[in-house]
Each structure stands twice: as structure tokens, then as C-alpha cells.
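Read through the structure below, which is laid out as C-alpha cells, and then see the notes.
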Amino acid sequence: MELVVFFITAVVAIAGAVAMLLSRNAIHSALFLLLNFSAIAVLFLLLRAPFLFAVQLIVYAGAIIVLFLFVVMLLGAERAEDERDQIAWQRPLALGMGLLLLAEAAFVFFQRSGTILANPGSVSENFAAPDKIGVALFSAYLLPFEITSVILLAALVGVVVLHQRDTRSGRAADRDVLREMSTIAPEPTQAKTR
Amino acid sequence: MIPISYYVLLSALLFTMGVLGVLIRRNALVVFMSVELMLNSANLALVAFAQKHQDLGGQILVFFVITVAAAEVAVGLALLVTIFRTRRTTDVDEISTLKG
């Protein structure tokens, strides 16, 4: 029974990832990524990690995907990118290197599977119950937990600073940057005449 | 119980797809989504190993990875919006000012 659920979820996750890669529309990509994240959340549940199941759904499927969708719609970037690549052999090379990476990962895993898959002895069904994770977070992992709050604050401040462009000095600085870029980078027409 | 190697193989597959997305796609937003896919596949492997070794540390690490990923997405998307305002494009091939 569990195996059936696993295989269905795995197929959904892989289909979501492939569809995300292939869809031309960025909004469709984001929605397929949502499908993939939800499938991975179900896999967390199968791995007896209910806390991470909830976190995955709330943070990834909830917050991050919504952020992506907002930005895609804000930029109007959902239009298709042109078919041709600037480098013609980029796509086949990427495919080959991806397959190589996959083969390498599988080889290393099965080469060392003897030590990796050593039996832990006793297997408890709910070793990762949410209350145990909470106790661990606030005892053994208290310092990293507090540092995480600093990271989130830094991200918050960074985003606000990046978007603070409505002040006069910000606009002037932008104009300066643009002027510098146009003087440093030669105009394409000039480059051709030379 | 499902063998742990199934989860690890699925995780490797998803990671490879994320790498392919970064290498092939040129819309910066989709490249960013592919990075998220890679983070998620690594999370899956971590949870699988945590379950196998009955070690809570793996799941705690996944919790931190998710937190940092959320911060990273916020900053990264803000950077993308700023780049789009000045360059009017999200194509990574067009953003080549540093190319020399």
C-alpha cells in the first residue's frame, strides 16, 4: 500500500519537474513547481516527518510559490523566450552533463550503500514527532535557530533597501549608474563601424 | 517500509532536473525555480537519511534549509525586479554587463 502511494507520488513529482522545465510560460512553470512541492510534501509524510510536511506546505507551497507568481505577473515575464540559443550546442551539452551527474550520484550511492544503509537497530515510528523537533530546536539547536532569525531580518532589510528607489537620491544614483554604463559599454553601432 | 534507495534515486533525479533547468532555460525566473527544485530534492534525501539513521539532526537541517531558502527567494526576487527595472528583460543571456 505504502509502495503504491510512493510510486504515484514519485511519478507526480517527476512529471511536475519535467513540465516545469518544458513549459514556455513562466506562470505554468510556477504552478508545476507547486505540484512538485506538494508531491515532495507527501513524500515527507511517507517518511514519518509530519512537521516538515506542514512546513513544506506552508513555506514552499504557500509563501514561496505565491511570491514567484506575484513577481512573474508584476514583471509580465510570462511571455515565451525565443527558441534559439546564443550557443547552439548548449542544450545537448547540458543534457549530457546532467545525465553524467545523475550516473555519478547513483554510482557513488550504490558503491557506498553498505555503510550508508547500515541498520540503525531500533526503528521508532514517531521518532520525529513535532514535539520532539520542538524540544531539539530549543535545546541542542538553539544557537542556529537564533541565527536564522538574524538571516530573516537581514533578508527583510535587504529587500526593503533594494526597493527603496522613490527617494530623489536613489533616482539620481540610478541615473549616474545608467550614464556610466552607457559610457563604458561601446554602442553596438560604433563597434560595427570600427 | 519503502527502501531508502528509492527516495535517494528520486532525489537524484529531481536534482538533475533542477541542474538541467539552470543550464537550459534562459528566463531568470525559471532558472530561480530550478534552484528551488534542487534545494527541495536535497531536502528529500536529507529526510530519507534521517529516517534511516533515526537521527533528528537531518530533519532539523531541512528546517533550516527551508528557512534560508525563503530568505534567499525574497532577496533573489527583489534583485530580479530591480534588474528588470533597469534592463527591461529577464533573459539571462541579455544580462551580460560583466562580460568584459
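So you know, we letter chains A, B, ... as the sequences are listed, proteins then strands, and number each from 1. Every heavy atom of this structure was used, including side-chain atoms; hydrogens, water molecules and symmetry mates were not.
- With rounding to the nearest 0.5 angstrom, the CG atom of B:N27 is 7.5 Å from the OG atom of A:S29.
- Of the residues considered (A:I65, A:L95, A:L52, A:L67), A:L52 shows the highest number of contacts with chain B, using heavy-atom pairs under 4.5 Å.
- Panel note: side chain B:Q59, backbone A:I133; no donor-acceptor pair is recorded below 3.5 Å.
- With hydrophobic clusters built from ILVMFWY side chains whose heavy atoms lie under 4.5 angstrom apart, B:I66 shares a cluster with A:F138.
- By number of non-hydrogen pairs under 4.5 angstrom with chain A, the leading residue of B:L37, B:T67, B:V22, B:L77 is B:L77.
- Between A:G98 and B:T16, the closest heavy-atom pair is O-CG2, 3.1 Å.
- When each of A:L101, A:L137, A:L156 is checked for heavy-atom pairs under 4.5 Å with chain B, A:L137 comes out on top.
- Ranked by heavy-atom pairs under 4.5 Å with chain B, the first of A:V55, A:L22, A:I64, A:V59 is A:I64.
- A 6.0 Å sphere centred on CZ of A:F70 holds no more than 12 heavy atoms belonging to other residues, nucleotides or ligands.
- Contact check for A:N36 versus B:L14: side-chain heavy atoms found under the 4.5 Å cut-off.
- With rounding to the nearest 0.5 angstrom, the CZ atom of B:F32 is 11.5 Å from the CG atom of A:L33.
- Going from atom CG of A:L47 over to atom CG of B:L46 covers 11.5 Å, rounded to the nearest 0.5 Å.
- Both A:V72 and A:L74 sit in one connected hydrophobic cluster of ILVMFWY residues. Membership requires side-chain heavy atoms under 4.5 Å apart, directly or through other members.
- With a 4.5 Å cut-off on non-hydrogen atoms, A:A63 does not touch chain B at all.
- Counting heavy atoms from C-beta on, the side chains of B:L10 and A:L43 come closer than 4.5 Å.
- Most heavy-atom pairs under 4.5 Å with chain B, from the set A:A140, A:G16, A:A30: that is A:A30.
- Of the two parts of B:I60, only the side chain, counted from C-beta on, holds a non-hydrogen atom closer than 4.5 Å to a non-hydrogen atom of chain A.
- Judged by distance alone, with hydrogens and angles left aside, the side-chain atoms of B:R25 form a donor-acceptor pair with the main-chain N or O of A:L21 at under 3.5 Å.
- Contacts of A:Y60 with chain B are made by side-chain atoms alone, with heavy-atom separations under 4.5 Å and no backbone atom involved.
- B:V75 touches chain A through backbone and side chain together, each having a heavy atom under 4.5 Å away.
- Centroid-to-centroid, the aromatic rings of A:Y141 and B:F63 stay 6.0 Å apart or farther.
- B:L23 CG to A:L93 CG: the interatomic distance, rounded to the nearest 0.5 Å, is 8.0 Å.
- Residues of residues 147-154 of chain A lying within less than 4.5 angstrom of chain B, judged on heavy atoms, are A:T148, A:I151, A:L152 in numerical order.
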Side chain to side chain contact (heavy atoms under 4.5 Å, CB included) between B:L9 and A:F110: does it pass, once the steps are laid out? CA-CA 10 Å; B:L9 279 180; A:F110 286 110; 4.0 Å; yes

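- When the side chains of ILVMFWY residues are joined at heavy-atom separations under 4.5 Å, either directly or via intervening members, B:F15 and A:V18 end up in two distinct hydrophobic clusters.
- When only modelled atom types and interatomic distance are considered, A:Q56 and B:N43 share no side-chain donor-acceptor pair under 3.5 Å.
- Considering every non-hydrogen atom in both A:L162 and B:A78, the closest pair reads CD1-CB, 3.7 Å.
- Using cut-offs of 30° and 60° on the angle between ring planes, the pair A:F6 and B:Y7 is perpendicular.
- To the nearest 0.5 Å, atom CD1 of residue B:I24 and atom CD of residue A:Q90 are 8.0 Å apart.
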Report the C-alpha distance between B:M33 and A:F32 in whole Å, list the side-chain angles of each, state the deciding distance to 0.1 Å, and finish with yes or no for side chain to side chain contact (heavy atoms under 4.5 Å, CB included). CA-CA 10 Å; B:M33 290 178 204; A:F32 281 124; over 6 Å; no

For a side chain to side chain contact (heavy atoms under 4.5 Å, CB included) check, start with the C-alpha distance between A:F44 and B:L44, then their side-chain angles and the critical distance, and finish with the verdict. CA-CA 7 Å; A:F44 283 170; B:L44 182 61; 4.0 Å; yes

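- Proximity to chain A involves both the backbone and the side chain of B:V81, based on heavy atoms less than 4.5 angstrom apart.
- A:F37 and A:I27 fall within a single hydrophobic cluster, where Ile, Leu, Val, Met, Phe, Trp and Tyr side chains are chained together by heavy-atom contacts under 4.5 Å.
- The aromatic rings of B:Y6 and A:F7 are tilted relative to each other, their planes meeting at an angle between 30° and 60°.
- Hydrophobic clustering of Ile, Leu, Val, Met, Phe, Trp and Tyr side chains at less than 4.5 Å, counting indirect connections, unites A:F68 with A:L34.
- The greatest number of non-hydrogen atom pairs below 4.5 Å with chain A, out of B:V62, B:V68, B:L13, B:N40, is found for B:N40.
- Taking a 6.0 Å sphere around CZ of B:F64, one finds it holds more than 12 heavy atoms contributed by other residues, nucleotides or ligands.
- Atom CD1 of B:I2 sits about 5.0 Å away from atom CG of A:L46, to the nearest 0.5 Å.
- Taking 4.5 Å as the limit, some side-chain heavy atom of B:M17 sits within range of a side-chain heavy atom of A:I14.
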